[in-house]
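Working notes, structure below.
Order of listing sets the numbers, starting from 1, for every ligand and every atom in it. All heavy atoms count here, side chains included; hydrogens, waters and symmetry mates do not.
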Amino acid sequence: MGMKVRFITSNRGKFEELKEIGRGFGVDIEWVEMEYLEPQGSDLEFVARKSAEMLSGAVEPPFFIEDSGLFIDALHGFPGVYSSFVFKTIGNDGILKLMEGVEDRRARFVCVIAFSDGEQVRTFTGEVEGQIAREKRGEHGFGYDPIFEVDGRTFAEMGEKKNELSHRRRAAEKFFSWLAKNF
Ligand SMILES: O=c1nc[nH]c2c1ncn2[C@H]1C[C@H](O)[C@@H](COP(=O)(O)OP(=O)(O)OP(=O)(O)O)O1
Ligand SMILES: [Mg+2]
């Protein structure tokens, strides 16, 4: 049996993807469903690290969290570290409205995993370049998937294939390989 590690998140979509990706690495993810207060910060690595440090007092290590964000070039990196709040408020329609008539559709998704072993916190970052679609497309996934496209297909149109190239996959690969060597 591979190794078991606890993942603290309120987001079922994230859990299901990491559970699936973990299978390929012999890592069994246990979901601790929990909302936690995120410190305000200017970059994802800082926010993920601080969140894990804050949780180390409240949750029995070892555990990990992940903080991810959508960074849109034409909007100077918005929504970035505010992606969760922005999704809950203006959502995909709001982002498409902000991008109406904007030629430069470049964006990137970033995922930072922060792992706490009780002594220290280690972070693992993955990112993927894409474009903001001109309309919502696809039924799969969650969050901004219907408006984030790579080579013309949105994450929501990709289904399972998303797990082969997403920011979450790229961060998880680094994390799970590190775990296999060090735990
Ligand atoms: O692969 C993705 N495909 C589409 N949307 C995504 C993805 N990954 C993150 N997202 C969205 C969800 C949330 O609106 C924001 C991240 O915010 P973030 O704080 O990391 O997640 P969250 O608040 O939903 O769950 P939690 O903090 O409990 O892990 O970007
Ligand atoms: Mg959050």
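Checking side-chain atoms of R105 against main-chain N and O of M99 turns up a donor-acceptor pair under 3.5 Å. Between the D145 side chain and the T154 main chain, no donor and acceptor come within less than 3.5 Å of each other. Y36 places no side-chain N or O within donor-acceptor distance of the main-chain N or O of T9, the cut-off being under 3.5 Å. At distances below 3.5 Å, at least one donor-acceptor pair connects side-chain atoms of R49 with backbone N or O atoms of V121.
The distance criterion of under 3.5 Å between nitrogen or oxygen atoms is not met by E17 with respect to ligand 1.
In summary, the atoms of ligand 1 found under 4.0 Å from a heavy atom of G143, numbered by their order in the structure, are 4 (C), 5 (N). Near F87, meaning under 4.0 Å from one of its heavy atoms, ligand 1 places the atoms 14 (O). With ligand atoms numbered from 1 in the order given, ligand 1 contributes 1 (O), 2 (C), 7 (C), 8 (N) to contacts under 4.0 Å with heavy atoms of H167. Those atoms of ligand 1 that come under 4.0 Å of a heavy atom in K162, given as number and element, are 1 (O), 2 (C), 3 (N). Under a 4.0 Å criterion applied to the non-hydrogen atoms of E38, ligand 1 contributes the atoms 19 (O), 27 (O).
For atom 13 (C) of ligand 1, the nearest protein heavy atom (residue, atom name, distance) is S84 CA, 3.8 Å. The shortest contact between atom 8 (N) of ligand 1 and any protein heavy atom is with R168 NH2, 2.8 Å. The nearest protein atom to atom 9 (C) of ligand 1, hydrogens excluded, is given as S68 OG, 3.3 Å; this is a heavy-atom distance. Among all non-hydrogen protein atoms, the one lying nearest atom 3 (N) of ligand 1 is D145 OD1, 2.5 Å. For atom 21 (O) of ligand 1, the closest heavy atom belonging to the protein is K14 NZ, 3.1 Å. Taking atom 26 (P) of ligand 1 as the reference point, the nearest protein heavy-atom neighbour is T9 OG1, 3.5 Å.
Contacts between K88 and ligand 1 below 4.0 angstrom, taking non-hydrogen atoms only, are absent altogether. Counting heavy atoms closer than 4.0 Å to ligand 1, residue F155 contributes nothing at all. The backbone and the side chain of Y144 each have at least one atom closer than 4.0 Å to an atom of ligand 1 (non-hydrogen atoms only). By the criterion of a heavy-atom distance under 4.0 Å, neither the backbone nor the side chain of E35 is placed next to ligand 1.
Ion pairing of R169 with E164 is absent here, as no side-chain N (NZ or NE/NH1/NH2) approaches a carboxylate O to less than 4.0 Å. Taking the charged nitrogens against the carboxylate oxygens, R137 and E135 do have a contact shorter than 4.0 Å, which makes a salt bridge. Between K136 and D93, at least one side-chain N (NZ, or NE/NH1/NH2) sits under 4.0 Å from a carboxylate O, which counts as a salt bridge.
Not a single heavy atom of F148 sits less than 4.0 Å from an atom of ligand 1.
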- Item | side-chain hydrogen bond (donor to acceptor under 3.5 Å, both in side chains) assessment of E53 paired with S51 | CA-CA 5 Å; E53 283 168 6; S51 300; over 6 Å; no
- Task: Please step through side chain to side chain contact (heavy atoms under 4.5 Å, CB included) for the pair E127 and R170, ending with a clear verdict.
- Result: CA-CA 7 Å; E127 60 179 80; R170 295 176 180 176; over 6 Å; no
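Residue N11 holds the heavy atom nearest to atom 24 (O) of ligand 1 of all those in N163, L70, V128, N11. Residue nearest to atom 6 (C) of ligand 1, selected from F142, F85, F15, F7: F142 (by heavy-atom distance).
The aromatic rings of Y144 and F109 sit tilted, their planes meeting at an angle between 30° and 60°.
Between L18 and A172, the shortest heavy-atom distance links the atoms CD2-CB, 3.6 Å.
The one candidate from F64, F175, F176 that meets the ring-ring contact (aromatic ring centres under 6.0 Å, His included) condition with F115 is F175.
Looking at E38, its N, O or S atom nearest to the Mg ion (ligand 2) turns out to be OE2.
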